[in-house]
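What you see below is based on every heavy atom in this structure, not just the backbone, and it leaves out hydrogens, waters and symmetry mates. Numbers restart at 1 for each chain; the letters A, B, ... are given by sequence-line order, proteins then strands.
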Amino acid sequence: MINLIYMFVFSLVYLLLLALTAGILTYVERRIAGRMQSRIGPNRVGIQGILQFIADLIKGVQKEDIIPADAYAFLFKIAPYLVFMGVFLTLVPIPFGAYTLMEDLDVGIYYVLAMASYVVIGLMIGGWASNNKWSLLGGMRSAAQKISYEIPAALGVFIVVIMSGSMNFQKIVAAQGASPVDWFVFRNPFTFIAFNLFFIASLAEGNRVPFDIPEAESELVSGYNTEYSGMRFLFFFLAEWGNLVVIGALVTCMFFGGGSFWYEWKISIPAPGRDPIVFEVLGFLWFLFKTFFFVFVIIWIRWTLPRLRIDQLMDICWKYMVPIGLISSLGIVIWMYFIPENSTIDRIVRLTLTSLGAITVLYFKYRVYKNLKITKATIYANPFV
Amino acid sequence: MKDAIFILVAVFAVGGALLTAASQSIINAALGLLLSLISIAALYIFQSADFVAISQILVYVGGVMVLLLFSIMLSSGSTDFFKNNPAMKVFPALLIVVVFAGLAIYALFSANLTFYPGQYGPSTREIGNLFLKDYILVFELVSVLIVVMLVGAGVMLRKELVRKAVASDGDSKDEKENKK
Amino acid sequence: MNFALPLLEKLKQEMTSKTSEIIQADSKMPILKIEAKDIREAVKKLHDDPAFDMKYLNCISGLHLTQTKEDGTLDLLGFEVLYVFSSARDFSTIAVRVDLPEKNPAIDTIDDLYGSANWFEREVYDLLGVNFINSSDLRRIMLPQDWEGHPLRKDYKEQASYNGMPTTRPNEMESIRIE
Amino acid sequence: MITENDLQSRVEITPINGSEIEINMGPHHPSTHGVIRFILFLDGEIVVRAVADVGYLHRSIEKIAENLPYPMFMPYTDRVDYVAAINCNLGYALAVESLAGLEVPERATWLRMIGAELNRINSHLIAVGALAMDVGATTPFVHAIREREYILDLLEILTGTRMNNNYVRFGGVCQDVPEDFFKKTEKFLDHFVLFLGEFNRLLTTNKIFLERLINVGILTGDQALGFSFSGPNLRASGVGHDLRRIDPYCFYSDMEFSVPVGSGVKGTTGDSFDRFIVRIDEMLESVKILRQIMSKIKEGPIQSKIPRKIVLPAGESYHRSEAPRGELGFHIVSDGKSNMPYRIKIRTGSFAAMTSLSELFKGMMVADVVAYFASLDVVAPEVDR
């Protein structure tokens, strides 16, 4: 009984945290978008507009909850909750620290994939029950897209599972290390491919640009949430931004070493003689930093790229990502058979890949500065200028 | 407490199945099926079969149900929410119920079932071992079946496309050019 | 303006019926005035004859010909439809004018020759009520399908209400006017 | 009077067979840029048939013109194309002046050209920005709007208003400019060329953007001529039709500028990408023209003497000029007695561009419909007038 109450309280805290994070992310996204588009963004409510999301929440609650006359009311009502529930449930096995997690599921990644596929039903029901053709098209596009992109995502996950020998998140994190050389993303070429597959497929599953065709506002008005208003609409949005956190956290866990922040210290195996609580907190913060870095990357992509057409979207999935994923999942098996971990070749490959990554980042920085020089633009790194 | 949850889940599973069978509206029937499938996944967890439970959600909820809903929602009749089911016949239905109930009862009593009440342990590794050691042939046969299914679906779709292209030769050319 | 008088004269000579005449010859825009029954022949010649090569339809315009009598009433004289074509080669332009009677104004369509002619014709039909015979799709374009009358006619009287909605509204300034 | 029974309408709007979905894109839809409506019959995502419907913004400007003296109609021409108001003013003024034989002072003509070219850049910025937004990239649109803001500031100095300028008068312009206007314009042009390079790099090197536009909505030169296209849309199909060249007005015959023509840089000549790139090139040509004007403009009067009551000689004339959206023709008929026009018919580029839609939409996907329509740069009030 106590256990049950503990579970209940813990999930309530998680729920509130997720809602809060999603809310703040709406603000952050608008600030970043504003900076990218030479405007300011919300800066009126609270210090630098930080409380804007609360104002939006209050406004959303006050709005009339419109249910279209010919809609299937029951399904129309429950659809946003189904979607939000699906996104929230994906958070369950994600380890924000060695102990900061809801449930250390043995089938962690598998569970996350299952929940992601479950969200589709909510979107489809929402689109269909609105009795609006734009919504219906949006819902159907969403379903087609998500089902397709589950395969490359699963192939990316598959490679990680083979590398770490487990579907448990803690063990996946433990199989990596704190330094970039130990991360799965730079471990060998196939895991690097797996990272790209998974990240791109996650963008598609999260309906983010350039894969936001289910709610393409210039084509489908607003897609599956066209008819929603007020609080139900906010639930769709909370789910979308909550999904950002989930994507960031998954990528961090699976490819970027999770919360292991100290070299030779791995998240689930605290070294003896060190205060576990301090390390727990530091690891948690380090995890959050990485997560929000990827959230930032996703937002950045959203405000930069145009949107794909649906046949191009399917082409990318079935003609490129799935074959590449299949080949690399074969490749990883061969690699692991012939090149044992920590052998010389393995170390050389790791170091090369890591330095290639570093060079890419530096080159990118150089290009940014070059372009800034050409256009004589001024850069404000601080978004609160 | 656990018993209470178990009973709740079981009621949901049976209720969903009943809703599927008795509902006059096809969309409600599908939703009943959804409820039933999710509840059965929960029942698997009670049996400490987490891998099977997640597979149930991934395959049946995320795959089969989505396809089912897809076809229901895109077919024209589904806009009539409360349409009578004209295919409902009593005697065939009874026959099917009797046959399947007999099979289920037979399976229940002939199988050597072990219960793990309240005991939770990872089962993924065991399932993997079983698949790749004892039941490798069955496993491979199933994968061959799936490949055949995929190829068959592709061939059928291709036939349909070819038929369409022949029916409207001029139009399809324009379409292709525009798409390119 | 490069409205080409020589081309107009050439067209006039090549027409089978000799009733056509060039008006406004000394102005910046000479116009060939032809009869309604000759329009398809003329336009076909303009479109297909390589000497003209008028593949570009600039505009189809129309107007209601009237004359105000001394007592203020209108004398309705019929309709005019003006076609402006350009050559696809050197973009020299010519204008062709057709006069139509007041009762049942009708003219052959040219929308099988020019892709855009249909919309231009629909506009003339909608606003002036000129019928284009054999048109592929002659519907109203600007106004609702059940609108009565054609607004650019000089004798047009707006219908008092449309589908129960009054077409005029009371002048709100009148109510607060200080005498 | 013709009754509805006399009509031979062969286009059927309502009946559809079972597998088609009929959707209404518009009159209120994010991608129609105003109130234009397409009725699309979809087979899945592919358009089987399409009917374009206009008239939602019909204000009967042509009827209004018949009841106003010539000068009083000038503000209405602003509203024909609100994005490029001075071009419309200029077209109307030129038409009336050529009929009435009015003289225009040299400086006034230069000022008119400055206004027209600034407005052309303004209009093309909106066009390419909206095109980018309709294929899903929000940021380029906002950047384009930012640059347009500078132009609007310049236009404010020049004309006193930001939009709907009502700048041109018969025989001149309404006001002279302060001397620092030219310095500011020079400065803006220097900045604008750099900006255009950046904008171009953001879009034309973007694979997704290219994929969305290349080989979408291909119109050969003959087709474009048949649909009465004009302006950038016609030039993109490879026809070098520019009224500033073939039928020069103002001092355009003295200007050195090239007419950018679509050549299928990335795909086929006359696709949507050509329409995009022709507009970009044309902005650069406008910058060239503006620089030349700035070097040639001299002090002088800005308004010639015109009669108090303008009465045109009896007769009719069709005068055309090159507006940003193509040929802007004024068919003016005068009865030779009244100071009001007997009839004014305005021929606009957008109206002609609309004629191609029903034909071209066939076989496109919904996303292509949006991209193709945006690449035509149609402005709703110009279609309906």
Side-chain angles (χ1 to χ4, degrees), chain A residues 29-30 32-41 132-138 140-141 144-145 200 207-223 226 299-316 367-368 370-377, chain D residues 21-26 28-33 40 42 44-46 130-147 149 190-203 206-214 216 364-371 373-374:
Chain A
E29 168 143 16
R30 278 186 280 175
I32 294 173
R35 180 54 59 207
M36 283 179 163
Q37 301 182 343
S38 316
R39 51 190 182 83
I40 296 168
N132 174 332
K133 281 165 187 162
W134 298 114
S135 300
L136 181 69
L137 273 179
M140 295 305 144
R141 276 181 173 194
Q145 172 183 335
I200 294 171
N207 291 341
R208 298 292 294 190
V209 172
F211 306 104
D212 68 332
I213 58 159
E215 46 184 297
E217 73 264 12
S218 61
E219 295 156 28
L220 302 186
V221 188
S222 190
T226 306
I299 292 174
W300 181 9
I301 289 173
R302 168 167 183 187
W303 295 103
T304 312
L305 292 182
R307 177 188 310 122
L308 285 163
R309 203 168 60 205
I310 187 153
D311 60 327
Q312 294 165 347
L313 182 104
M314 290 296 167
D315 276 4
I316 288 177
R367 269 197 57 169
V368 168
K370 201 181 113 200
N371 278 333
L372 284 176
K373 231 179 191 173
I374 291 173
T375 48
K376 293 180 183 155
Chain D
I21 310 177
E22 176 195 353
I23 56 173
N24 270 303
M25 192 179 254
H28 292 289
H29 187 273
S31 74
T32 50
H33 306 291
L40 304 178
L42 301 182
E45 284 272 338
I46 294 170
L131 172 59
M133 192 160 79
D134 280 350
V135 298
T138 331
T139 302
F141 176 69
V142 186
H143 285 185
I145 288 283
R146 182 189 69 201
E147 298 306 310
E149 207 60 25
D190 291 343
H191 161 77
F192 181 73
V193 173
L194 289 175
F195 159 76
L196 212 55
E198 184 198 49
F199 186 80
N200 218 1
R201 278 202 300 283
L202 188 57
L203 284 176
N206 189 322
K207 180 78 176 154
I208 300 175
F209 185 74
L210 293 181
E211 286 293 320
R212 281 297 305 276
L213 293 186
I214 289 172
V216 168
M364 279 187 180
M365 305 187 96
V366 179
D368 286 343
V369 164
V370 173
F373 182 63

Legend entry - Side-chain donor/acceptor of A:Gln312 to backbone N/O of D:Glu211, under 3.5 Å: yes
Inset, instruction - Please answer whether the main-chain N or O of A:Thr304 pairs with a side-chain N or O of D:Thr139 as donor and acceptor at a distance below 3.5 Å. - result: no
Inset, instruction - Name the region of D:Val370, side chain, backbone, both or neither, that has any atom closer than 4.5 Å to a heavy atom of chain A. - result: side chain
Legend entry - Proximity breakdown for D:Asp134 and chain A, heavy-atom pairs closer than 4.5 Å: both
Measuring from atom [atom1] of [X] to atom [atom2] of [Y], what distance do you get when rounded to the nearest 0.5 angstrom?
X        : Y        : atom1 : atom2 : result
A:Asp311 : D:Asp368 : CG    : CG    : 7.5 Å
D:Lys207 : A:Leu305 : NZ    : CG    : 13.5 Å
A:Leu220 : D:Ile23  : CG    : CD1   : 7.5 Å

Inset, instruction - With a 4.5 angstrom heavy-atom cut-off, could you sort out which part of A:Ile310 is near chain D: side chain, backbone, both or neither? - result: side chain
Legend entry - Interchain contact, A:Ile213 with chain D, by part (heavy-atom threshold 4.5 Å): neither
Legend entry - Cationic N near anionic O, under 4.0 Å, A:Arg141 to D:Glu45: yes
Indicate the atoms forming the closest heavy-atom contact of [X] with [Y], along with that distance.
X        : Y        : result
A:Arg307 : D:Ile208 : O-CG2, 3.8 Å
A:Trp134 : D:Met25  : CZ2-CA, 3.8 Å
A:Arg309 : D:Arg212 : N-CD, 3.6 Å
A:Pro306 : D:Asn206 : CD-ND2, 3.3 Å

